[in-house]
Amino acid sequence: RHVDDAKDCEAFAKAIPPFQKTGDKPTLTRVRSIIGYGSPHKQGTSKIHSDALGADEVKATKRQLGWPEDADFLVPDGVRQRFDETIGARGRKLGEAWEAARAAYAKAFPELAAEIDLIEAGGLPKGWDADLPNFPADAKGVASREASGKALNAIAPKVPWLIGGSADLAPSNKTLLDGERAFEAADYGGRNLHFGVREHVMGTCANGLALSGLRPYVGTFLVFNDYMRPAVRIAALMQVPIVYVYTHDSIGLGQDGPTHQPIEQLASLRAMPGMTVIRPADANETVEAWRVALQQGGPVALSLSRQALPTLDRAKFAPATGLARGAYVLADAEGGAAEVILMATGSEVSLCVEAQETLKAKGVRARVVSMPCWELFEAQDAGYRESVLPKAVTARVAVEAGAAFGWDCYAGPEGAVIAMHTFGSSAPTKDVMRHFGFTAEHVVEAALAQAKGAQEGFTS
């Protein structure tokens, strides 16, 4: 259908019935309009898009449209009455019918009605996290993406309105809900969403689901966050609660090479106001990441590994619940105050743990700090932040297999940052990590240099 003049209301009205009668295919109504219609000097030009009209042009536009020039905001006589008699009356009738239906539903199905109330309030059912797994200590460990999948499937039966999927990577992202059907045209009851290779569309769908009251999660590789960034930015701006499951989170993914190895993505997500970025160090931190994520009022990005990460022995190290505070002392120095602080996120935390043992044998007291979430750490009071990263300890080493951007805030002006300064490379995971300096030996070397520099006042 064609409407040659946007001001022709009659022609537009005639274009609507064919659309209403067509049920087997899309319809298109093309309406010709003039951008900035009514502005005598700017209509039909790009200036109407970029420039303010200005006081004189506003008056000229009103004059051309036959509107009183000096009225700031005018509702002509009869408009309010007309609205009240038509749209207002219809709205009141529909509203009353809805409230009556809602009351009848609550009477007939009180438990389901209570669920709807909880959804609308943005709440979670009692005991929703009761079945979250606890992983035993294991030197070989599991990938944090694997732990994430287990946590997700422990939560899903308790939170029926948790729904999500992946951009054609569900088996790899571990985002499939066990025993649940796929959401499709013939089955709106499915909870597994298959978005196809369409990260941006996936992000926009997640925004809509969250605004409807559901709790969506979506997954892809961390590097592909770039494809969905506009939708993610809108989620952060609007503070809608979405969990982004970003796997294959570093050069540790190995042979897929630099096109798939994220470098700047963590830093760019952390730079986004309103976004909470969590990069857990092991399986139990990953479980806690999900516990924290579903209690946030805005979007959360989980940065998860492809490769297995050692599951830390929590009888020896601090409990993973420390993740809720963003950063915590995982293992403190023995025999006195720390001489150097080793801090890291994700897969690099285990390197710091290993380095601490070597430094202990060399007579250097080191504290290991796991820093899975900068945003949560910054939300803590100054006293807590000082207890984790005391200002008096200036010898510091930060380790993360991503861009160094932002780490100077925690490493300090004299601290060392072991990070990526180039794109990655294609090789087996261990070879790639070793090539770029992500080894316990390199951490020890940097820590020794830091401890020596602190003793000498960093004068050399």
**Student:** Determine whether a donor-acceptor pair (N or O, by modelled atom type, separation under 3.5 Å) exists between the side chain of Glu354 and the backbone of Leu351.
**Tutor:** no
**Student:** Rounded at 0.5 Å granularity, tell me how far OG1 in Thr439 sits from CE in Met433.
**Tutor:** 9.5 Å
**Student:** Would you sort out whether Asp282 and Arg314 count as a side chain to side chain contact (heavy atoms under 4.5 Å, CB included), showing the intermediate values?
**Tutor:** CA-CA 11 Å; Asp282 72 348; Arg314 296 295 169 167; 3.1 Å; yes
**Student:** With sequence neighbours left out, which residue pairs that include part of residues 126-137 fulfil the salt bridge (charged side-chain N to carboxylate O under 4.0 Å, His left out) condition?
**Tutor:** Asp129-Arg291, Asp131-Lys158
**Student:** If you count heavy atoms of other groups shown closer than 6.0 angstrom to NE2 of His49, is the number above 12?
**Tutor:** no
**Student:** Start with the C-alpha gap between Val243 and Leu294, add the side-chain angles, then the distance that decides, and say whether side chain to side chain contact (heavy atoms under 4.5 Å, CB included) holds.
**Tutor:** CA-CA 8 Å; Val243 179; Leu294 286 184; 4.0 Å; yes
**Student:** To check you understand the geometry: which heavy-atom pair defines the closest contact between Ala170 and Leu176, and what is its length?
**Tutor:** CB-CG, 3.8 Å
**Student:** So, using salt bridge (Lys or Arg N to Asp or Glu O under 4.0 Å) as the criterion, who are the partners of Glu180 when residues are at least two apart?
**Tutor:** Arg191
**Student:** Would you say that Val232 contacts Glu199 through its side chain, given a criterion of any heavy-atom pair below 4.5 Å between the two side chains?
**Tutor:** no
**Student:** Please check this pair: side chain of Arg279 against backbone of Thr345, looking for a donor-acceptor N/O pair closer than 3.5 Å.
**Tutor:** yes
**Student:** Distance-only check: which donor-acceptor pairs under 3.5 Å involve side-chain atoms of residues 251-264, not counting sequence neighbours?
**Tutor:**
{"unit_1": "Gln261", "atom_1": "OE1", "unit_2": "Ser425", "atom_2": "N", "d": "3.0"}
{"unit_1": "Gln261", "atom_1": "NE2", "unit_2": "Gly254", "atom_2": "O", "d": "2.8"}
{"unit_1": "Gln261", "atom_1": "NE2", "unit_2": "Ser425", "atom_2": "O", "d": "2.7"}

**Student:** Please check: side-chain N/O of Gln239 versus main-chain N/O of Gly274, any donor-acceptor pairing under 3.5 Å?
**Tutor:** yes
**Student:** Could you tell me if the ring centre of Phe436 sits under 6.0 Å from that of Phe438?
**Tutor:** no
**Student:** How many angstroms lie between atom OH of Tyr246 and atom CG of Leu266, to the nearest 0.5 angstrom?
**Tutor:** 11.0 Å
**Student:** Any chance you could lay out the side chain to side chain contact (heavy atoms under 4.5 Å, CB included) test for His248 and Val223, step after step, and finish with the verdict?
**Tutor:** CA-CA 8 Å; His248 296 58; Val223 75; over 6 Å; no
**Student:** Can a donor-acceptor pair be found, under 3.5 Å and without considering hydrogens, that links the side chain of Gln450 to the backbone of Glu414?
**Tutor:** yes
**Student:** Between Thr394 and Lys391, is there a donor-acceptor pair closer than 3.5 Å when you use the side chain of the first and the backbone of the second?
**Tutor:** no
**Student:** Quick one: do Tyr188 and Phe183 satisfy ring-ring contact (aromatic ring centres under 6.0 Å, His included)? Show the steps, please.
**Tutor:** CA-CA 5 Å; Tyr188 288 167; Phe183 180 93; 5.4 Å; yes
**Student:** Would you give the length of the straight line joining atom CG of Leu359 to atom NZ of Lys362, rounded to the nearest 0.5 angstrom?
**Tutor:** 8.0 Å
**Student:** For Lys42 and Glu57, run salt bridge (Lys or Arg N to Asp or Glu O under 4.0 Å): C-alpha distance rounded to whole Å, both residues' side-chain angles, the deciding distance at 0.1 Å, then the answer.
**Tutor:** CA-CA 9 Å; Lys42 294 184 179 181; Glu57 189 68 7; over 6 Å; no
**Student:** Is any side-chain heavy atom of Leu389 closer than 4.5 Å to one of Ile341?
**Tutor:** yes
**Student:** Is it the case that more than 12 heavy atoms not belonging to Lys150 sit under 6.0 Å from its NZ atom?
**Tutor:** no
**Student:** Could you measure the distance from the CE atom of Met228 to the CD1 atom of Ile234? Nearest 0.5 Å is fine.
**Tutor:** 13.0 Å
**Student:** What's the separation between atom CZ in Phe377 and atom OH in Tyr328, rounded to the nearest 0.5 Å?
**Tutor:** 13.0 Å
**Student:** If I compare all heavy atoms of Ala231 with all of Thr204, which pair ends up nearest, and what's the gap?
**Tutor:** CB-N, 3.6 Å
**Student:** Given side chains that start at C-beta, do those of Leu222 and Leu269 come closer than 4.5 Å, heavy atoms only?
**Tutor:** yes
**Student:** Under 4.5 Å between any side-chain heavy atoms of Val432 and Pro428, yes or no?
**Tutor:** no
**Student:** Is the shortest side-chain heavy-atom distance between Gln296 and Leu376 below 4.5 Å?
**Tutor:** yes
**Student:** Tell me if the CD atom of Glu357 is crowded by more than 12 foreign heavy atoms within 6.0 Å.
**Tutor:** yes
**Student:** Please name the pair of heavy atoms, one in Leu118 and one in Pro125, separated by the smallest distance, quoted to 0.1 Å.
**Tutor:** CD2-N, 3.5 Å
**Student:** Does a salt bridge link Arg229 with Asp226, judged by any charged N lying under 4.0 Å from a carboxylate O?
**Tutor:** no
**Student:** Would Thr247 and Asn173 count as having a side-chain donor-acceptor pair, cut-off 3.5 Å?
**Tutor:** yes
**Student:** Between Glu348 and Glu400 (side chain of the first, backbone of the second, donor and acceptor by atom type, cut-off under 3.5 Å), is there such a pair?
**Tutor:** no
**Student:** Give the C-alpha distance, both sets of side-chain angles, the deciding distance and a yes or no for side chain to side chain contact (heavy atoms under 4.5 Å, CB included) between Arg270 and Met275.
**Tutor:** CA-CA 7 Å; Arg270 287 172 179 151; Met275 176 62 68; over 6 Å; no
**Student:** Does Arg365, at its CZ atom, have more than 12 non-hydrogen atoms belonging to other residues, nucleotides or ligands within less than 6.0 Å?
**Tutor:** yes
**Student:** Keeping Asn153 on the side-chain end and Asp178 on the backbone end, is there a donor-acceptor pair under 3.5 Å?
**Tutor:** yes
**Student:** Look at the side chain of Gln356 and the backbone N and O of Ala366, then say whether any donor-acceptor pair between them is shorter than 3.5 Å.
**Tutor:** yes
**Student:** Determine whether a donor-acceptor pair (N or O, by modelled atom type, separation under 3.5 Å) exists between the side chain of Tyr217 and the backbone of Val245.
**Tutor:** no
**Student:** Can you see whether Arg306 engages Ser172 through a side-chain donor-acceptor pair at a distance of less than 3.5 angstrom?
**Tutor:** no
**Student:** Can you check whether Gly213's main-chain N or O pairs, donor with acceptor, with Glu120's side chain at less than 3.5 Å?
**Tutor:** no
**Student:** Side chains of Leu304 and Pro280: does their closest heavy-atom pair fall under 4.5 Å?
**Tutor:** yes
**Student:** Can you tell me if Tyr244 and Asn225 form a side-chain donor-acceptor pair at under 3.5 Å?
**Tutor:** no
**Student:** Mark yes when over 12 heavy atoms from residues, nucleotides or ligands other than Phe405 sit less than 6.0 Å from its CZ; otherwise mark no.
**Tutor:** no
**Student:** Taking the six-membered ring of Tyr384 as reference, does the cationic atom of Arg325 (NZ for Lys, CZ for Arg) lie under 6.0 Å from its centre and within 45° of its axis?
**Tutor:** yes
**Student:** Which atom pair, heavy atoms only, marks the closest approach of Val329 to Ser387?
**Tutor:** CG2-O, 4.3 Å
**Student:** Would you indicate whether Glu111, at its atom CD, is surrounded by more than 12 heavy atoms from other residues, nucleotides or ligands within a distance under 6.0 Å?
**Tutor:** no
**Student:** With a 4.5 Å cut-off on side-chain heavy atoms, are Asn192 and Arg181 touching?
**Tutor:** no
**Student:** With rounding to the nearest 0.5 Å, note down the distance linking CH2 in Trp290 to CD1 in Ile278.
**Tutor:** 10.0 Å
**Student:** Name the orientation class of the two ring planes belonging to Phe224 and Phe221 (parallel below 30°, tilted from 30 to 60°, perpendicular beyond 60°).
**Tutor:** parallel
**Student:** For Tyr105, is the OH atom crowded, meaning more than 12 foreign heavy atoms sit under 6.0 Å from it?
**Tutor:** yes
**Student:** Under the 6.0 Å and 45° cation-pi test, does Arg215 pair with Trp161?
**Tutor:** no
**Student:** Ignoring hydrogens and angles, state whether a donor on the side chain of Asp249 or Ser303 is under 3.5 Å from an acceptor on the partner side chain.
**Tutor:** yes
**Student:** Quick one: are Ser370 and Glu285 in side-chain contact, heavy atoms under 4.5 Å?
**Tutor:** yes
**Student:** Would you kindly say whether Ser144 and Ser305 are connected by a side-chain donor-acceptor distance under 3.5 Å?
**Tutor:** yes
